[in-house]
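See structure below.
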Amino acid sequence: MEGMSMAMISTSGTATPTATVLATAAGLTSTIPEALQSDIMPPTDMQMQGMSSFIHFGLGDPFFARLLTPTHASGYVAVMLFLMMLSFGQRLLMVVETKAAQNLHHARPADDEGQVSKSGSWVEIAEDVQPSGRFMSRFIVRALLKSGLKVLDAALGFLVMLAVMTLNAGYMIALLVGIFLGEFLSSWAHRNGTS
């Protein structure tokens, strides 16, 4: 600003309040774009640290914790094996959860032999059928077990979702291989168990 005449500042050296504000604002204009860029504008690719916005293979993608962020090829393979086991376990957990739900819904009171039933015109009606206390306690235990399995399944699903959200193709392939192996094993076990 050297060599510029400032009409707002008096020649006597004293400045009016408006002139002081304007002079201060003029001096700060060079720092406004920098402040806006750091506060409002998104960082450039050079400044951005974190996940990539496209599907890729590579090291350094964080998964859930710093411990599971591979920096070497061996760490990358280890995380991929962990993700395979995670999706495999989630698939097997779904099978166990389905079996638990079937057992829960097909459970009947064991001591209904003592019930006297009357015949109606079209259907046989059992009067005052009340489940025993032992049946109710088994039902509650089974319902708690089924609910716990559902929560565990949701937690594993969240971890699988986090792995997919990294957009790391190696992680996604590992998850798909784990799901394939889990489905194959559960189908094979179901076939051998029913024949």
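Computation of the quantities below employed the complete heavy-atom set of this structure, encompassing side-chain atoms and omitting hydrogens, waters and symmetry-equivalent molecules. Keep in mind it's a predicted model, so treat the numbers as computed, not measured.
- Clustering ILVMFWY residues whenever any of their side-chain heavy atoms sit less than 4.5 angstrom apart, transitively, puts V95 in a cluster other than the one holding V160.
- Of all heavy-atom pairs spanning P62 and T69, the tightest one is CA-OG1, 3.3 Å.
- Residues W188 and M84 fall within the same hydrophobic cluster, defined by Ile, Leu, Val, Met, Phe, Trp and Tyr side chains chained together at heavy-atom separations under 4.5 Å.
- Interatomic distance, L175 CG to F88 CZ, rounded to the nearest 0.5 Å: 14.0 Å.
- With contacts defined as side-chain heavy-atom distances shorter than 4.5 Å, the pair I173/F57 qualifies.
- Although no hydrogens or angles enter the test, the distance criterion places a donor-acceptor pair under 3.5 Å between the side chain of T166 and the main chain of A163.
- For the pair M172/L167, a side-chain contact is recorded, criterion being any heavy-atom separation below 4.5 Å from C-beta on.
- In this structure, the side chains of N168 and F63 stay at 4.5 Å or more apart for every pair of heavy atoms.
- Residue G75 comes nearest to P70 through the heavy atom pair C-CB, 3.4 Å, listed as atom of the first residue, atom of the second, then distance.
- How far CZ of R91 is from OG of S87: 11.5 Å, rounded to the nearest 0.5 Å.
- Classified by interplanar angle (parallel below 30°, tilted 30° to 60°, perpendicular above 60°), the ring pair H56/F54 is perpendicular.
- To the nearest 0.5 angstrom, R142 atom CZ is 10.0 Å from S137 atom OG.
- Put simply, CG on L144 and CG on L149 are 11.0 Å apart, with the number rounded to the nearest 0.5 Å.
- Side-chain contact between Y76 and Y171 is present, with at least one heavy-atom pair separated by less than 4.5 Å.
- The structure places CE of M85 at 7.0 Å from CZ of F82, a figure rounded to the nearest 0.5 Å.
- In the hydrophobic clustering of ILVMFWY residues, with side-chain heavy atoms under 4.5 Å counting as a link, L86 and I179 come out apart.
- Hydrophobic clustering keeps L83 apart from L176 (ILVMFWY residues linked when any side-chain heavy atoms are closer than 4.5 Å, directly or through intermediates).
- A chain of hydrophobic side-chain contacts below 4.5 Å, direct or via other Ile, Leu, Val, Met, Phe, Trp or Tyr residues, connects I55 to V164.
- Atom-to-atom distance recorded for L152:CG and S147:OG is 12.5 Å, nearest 0.5 angstrom.
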